[in-house]
Structures are given as structure tokens and as C-alpha cells.
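Single-structure report; data block below.
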Amino acid sequence: MSIDPSRRQFVAGAATAVVGATVARSALAALPEPVIQTSVETAPPLIPNSGRPYNPVVTLNGWTLPWRMNNGVKEFHLVAEPVEREMAPGFTAQLWGYNGQSPGPTIEVVEGDRVRIFVSNKLPEHTSIHWHGQRLPNGMDGVSGLTQRSIKPGKTFVYEFVARRPGTFMYHPHADEMVQMAMGMHGFWVTHPKGNHPLIDEVDRDFCFLLNAFDVEPGSKTPKVNTMTDFNIWAWNSRIFPGIDSLNVRLNDKVRIRVGNLTMTNHPIHLHGHEFLVTGTDGGPTPKSTRWHEVTTDVAVGQMRQLEFIADEEGDWAIHCHKSHHTMNAMGHDVPTMIGVDHRGLVQKIQKVAPDYMLMGERGMADMGEMEMPIPDNTAPMMTGQGPFGPLEMGGMFSVLKVRKDLPAGNYKDPGWYQHPAGTVAYEYSGELPTAPRQQAAVNPQAATATTVKAKKPGMPPGQH
């Protein structure tokens, strides 16, 4: 984790077990120093060194916010501020976020923890934070104008409540929400169970990420915040493929993936090679009687889904949104469909007027994944990414679940591409093709079997046709 030394976190020694203790207002003057993260790499899990123990999550292309213990209260410091986010190599966006990144850091606590979150506003306008899915006092819910005054620029507010139930949650503004969420302000929240829970199993690997979307004009850096439907950048944790890290797991690991949706549309998340159970939502763990195996689950706007499965099939397995436009980058919605249009004899004439004109689209769009056509600076190619067998022709909401038998426990390092055992890869067939039955009938009409069809009109008595 890359931390600005001048803004390090202060860790206040070992925790005490005085959950629910209060701190005098005079003691709140000593703010915990904010931790600032600038790396876009997936940080390793943050092993708790104070407070109650728990099995930490791994935030895809993100990190977990450290805390300090203050008289039994777990204290965090979030800074709302403009950030620059590398969404993929060669493509960055000017966003708003928390503690140097969009999305903000994941907050991890344990059921029953009393938490205190200091929120400092370094944005050019007021803000607030809503703790999505939490049970808490009404005045801590974070809705500007309804439950609190807005946090003005340069000011710091304090939120304090008890994490009453375990589950998968998130946080985001409830002030000028259309602009601030369109600019990338959100973050993940995980409340771990305080002990054995009848509906929450222990897992070997626990991943989380948020679904988000932006409208960034090619060549620009700032999202168009007034867009309602025509988004062109579909992201996981403000990253787009091939900038999204892979999910690296050991063969036969029990894996949990937590997904939250803060876009303007639903996303059917599909996993290859395995089936999973939906074991939780932002309403909490689901009763076991309601669970069934799926390979795709729809995550609607403002929802969380918690997926669990046994990674018992070795290989490199795709995981992606099954809306095909959501696995592409920098889409142009006004591009005409040219499939089937005969360009012969036309290209050279057009190039006399427009020398850079290139023929594309008459056989589909796959060629664009291999073309090195010029694009504006700071623009992500629409279809990109290389696999071991050639172009992947993917972008946006796409990653790879990498299952390996020789990956050590607790190791999240990318193992590289899967080495397929001999005879297990689809291959080109060069032998003779068998003749289809309908072709045989065309060559030898007598070989065709006559078929008698009887039709009965409605209302006719039996035996009459």
C-alpha cells in the first residue's frame, strides 16, 4: 500500500473491549490522520491488529481503510476530495472520491463494534455520507437537509453508531447525489460476524467490488454528470478491462464475491466454469431455504449481492457483466451498422478526401480489437486486452477468475496464464466432414422417407381429419 508519509494513520495501541464507550468532545479534537492511497493495484487483505479479530476481504483494485482504537471505539477518517483515477493503462479520469481514490477505501468492522467516522470535505461544494443498508440512529443516516446539515467545504463532521448486523454494505453521498456519484464518490462497507453465524460460512478468499459507470468523451478526463442513459465507460471499482485485476484463488478454495451496484442500470454478473449460491444481499444473509445454484445473478441499481462457490475447476475462467455493451469501452452510440455493406472500390475514393479513412465494420467489429487505429489521447480502446491465444476483444466489466492448485494459501499474486493439459484445448478440425442427412436426400430423393401429416380441425369429432 502506498501511503503518503505526511498523512499516515495513527494507531493508538491495543484495543480495549469497552464497546459502546463514549469520548468527550474535547478528545475529538485529535483527529486520526487520514491514510491516502494512490496505487491502483489490489492491496493484500488488511489483517486486524486491534479490535475484534475477523477474516478480512480483498477489494479488487482497492484497499481497506486502517483505523485506530480510542477507548473501545473504532475510529476512521474519510476525506472527500478530487482525485485522479487511472481507469486502465493510458486512460485516466478526473473524479471525486475519498482518501486519494475512487472508489473510496473499504471499511471493515465487526458486528457490535461502535464506530466513529470523521469525514473531512475537500470538495468545492458541500457533501454528506449515507451508510447504505445500516441500522443506525436517524441523525446518522447522512441525508443532507433531512437528517443533518450538509458538510461545507473545509469542514469535518463526525458519524458514530454501532454496527448492528453483519453483511455487505456501501457508503455514498446524499448531497448533490447526481453529480457526486457520477463523479465516482462511493465505497464498500463490510460488517463481519462477531462469531459463528448460522447463515454466514467461513471462506478462504473474500473479494469485493462496486459496479460503476461514467460518460467520458474520448480525449477528455472529466465525466459528463448530466448523462442518464448513454454511458460509455462501464467499470468495476472505477477500473475497466484490461485494467481490472484478476481474482486469484487456490484450487478447492471456498470463495465469496461481494458485488454492489451504483450505476443507472442492472448488471447480470456471469461466472464461467462454476455455479454459485447467492448467500447475501444488503438486507443481510439469505435464509438457506431460499438459495439455489446459478451461473448468473442480476444486480439491480442500489443492490448488493454476495456469491459463494467452491473453486474446484482449475483454469482461467471469465467473470463479467452479461450485457454485451458493458464489456466494451468508449463506445460511440451513433456509429452506423455497416455489416454486409460492400465497400469494394469505395475505400480508395474516400481516402483521396480523407487519407486516414479505414475500412471497418462490414464483417463485424472484431477486427477493431487488433487494429492500431489512431484514437484521441487519454481514450481507452473499445475492444482490447490480450490473452494467451490472441485478442480477448473485451473491455469494461470483465475480469478473470484464476484457479490454481499450486497457489499458496493467502497468496493473491497473479499466477499468469493457465497451462492447459495436453488434449484439453479446442482445436481446428482438418478431416472430412460427414454429409448432412438433408444433403443426402437432395442427392438421392428416393432416400428421403415420405411423411404423412394429418391435421384435425378444431371441433371435429374423433376419426375425422
Side-chain angles (χ1 to χ4, degrees), residues 62 65 76 78-85 87 93-107 117-159 161 168-189 208-216 221-238 259-267 281-283 299-305 326:
L65 184 63
F76 300 87
L78 284 173
V79 180
E81 60 184 349
V83 302
E84 182 169 275
R85 176 69 164 178
M87 302 192 75
Q94 300 288 354
L95 305 177
W96 291 358
Y98 302 93
N99 297 57
Q101 284 288 9
S102 167
T106 296
I107 294 176
I117 307 106
F118 297 85
V119 179
S120 298
N121 184 8
K122 292 189 176 183
L123 297 173
E125 69 168 356
H126 65 259
T127 190
S128 71
I129 296 189
H130 167 57
W131 312 101
H132 184 111
Q134 300 285 351
R135 292 289 190 96
L136 37 60
N138 184 236
M140 296 292 174
D141 195 44
V143 181
S144 289
L146 178 65
T147 65
Q148 69 167 83
R149 296 184 184 276
S150 297
I151 310 172
K152 301 297 183 183
K155 301 297 183 181
T156 296
F157 271 44
V158 180
Y159 296 87
F161 53 91
T168 301
F169 311 107
M170 52 189 168
Y171 61 89
H172 60 79
H174 240 299
D176 196 11
E177 186 172 339
M178 181 188 75
V179 169
Q180 295 186 15
M181 290 180 65
M183 289 292 288
M185 295 187 71
H186 43 248
F188 224 93
W189 178 299
C208 65
F209 58 89
L210 289 169
L211 310 174
N212 51 334
F214 303 92
D215 183 5
V216 182
K221 286 190 173 184
T222 304
K224 296 166 65 177
V225 298
N226 292 322
T227 296
M228 295 180 65
T229 56
D230 289 338
F231 296 92
N232 63 358
I233 301 295
W234 301 99
W236 289 358
N237 272 5
S238 301
V259 185
N261 182 6
L262 283 173
T263 73
M264 299 283 278
T265 187
N266 64 308
H267 298 280
T281 70
D282 33 352
V299 188
V301 179
Q303 286 186 338
M304 319 290 289
R305 288 291 180 268
H326 296 182

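Checking side-chain atoms of Asp282 against main-chain N and O of Gly133 turns up no donor-acceptor pair under 3.5 Å. Judged by distance alone, with hydrogens and angles left aside, the side-chain atoms of Asn261 form a donor-acceptor pair with the main-chain N or O of Ala300 at under 3.5 Å. With hydrogens and angles ignored, the 3.5 Å screen pairs no side-chain donor or acceptor of Asp215 with any backbone N or O of Thr227. When atom types are taken as modelled, the side chain of Ser102 and the backbone of Gly184 share a donor-acceptor pair closer than 3.5 angstrom. Although no hydrogens or angles enter the test, the distance criterion places no donor-acceptor pair under 3.5 Å between the side chain of Arg85 and the main chain of Pro103. Ser128 contributes a side-chain N or O that, together with a main-chain N or O of Gly142, makes up a donor-acceptor pair within less than 3.5 Å.
For the pair His267 and Trp236, the minimum side-chain heavy-atom distance is 4.5 Å or more. Contact annotation: the side chain of His172 never approaches that of Met185 to less than 4.5 Å [non-hydrogen atoms, C-beta and beyond]. When side chains are defined from C-beta on, Leu123 counts as touching Pro82, because their heavy atoms get closer than 4.5 Å. For the pair Val259 and Phe209, the minimum side-chain heavy-atom distance is below 4.5 Å. Contact check for Gln94 versus Thr222: side-chain heavy atoms found under the 4.5 Å cut-off. Annotation: side chain of Ile129 is in contact with side chain of Tyr98 (closest heavy-atom distance under 4.5 Å). Here the side chains of Ser238 and Leu210 are not in contact, with every heavy-atom distance at 4.5 Å or above. Considering only heavy atoms from C-beta on, Pro223 comes within 4.5 Å of Met183 through its side chain.
Taken to the nearest 0.5 Å, the CE atom of Met178 stands 9.0 Å off from the CE atom of Met264. Rounding to the nearest 0.5 angstrom, the gap separating the OG1 atom in Thr263 from the CE atom in Met181 is 9.0 Å.
Donor-acceptor pairing under 3.5 Å is recorded for the side chains of Gln180 and Thr127.
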- Message: Applying side chain to side chain contact (heavy atoms under 4.5 Å, CB included) to Val143 and Gln148, what does each step give before you reach the verdict?
- Response: CA-CA 6 Å; Val143 181; Gln148 69 167 83; over 6 Å; no
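Checked against the 6.0 Å centroid criterion, the rings of Phe161 and Trp189 qualify as a close aromatic pair.
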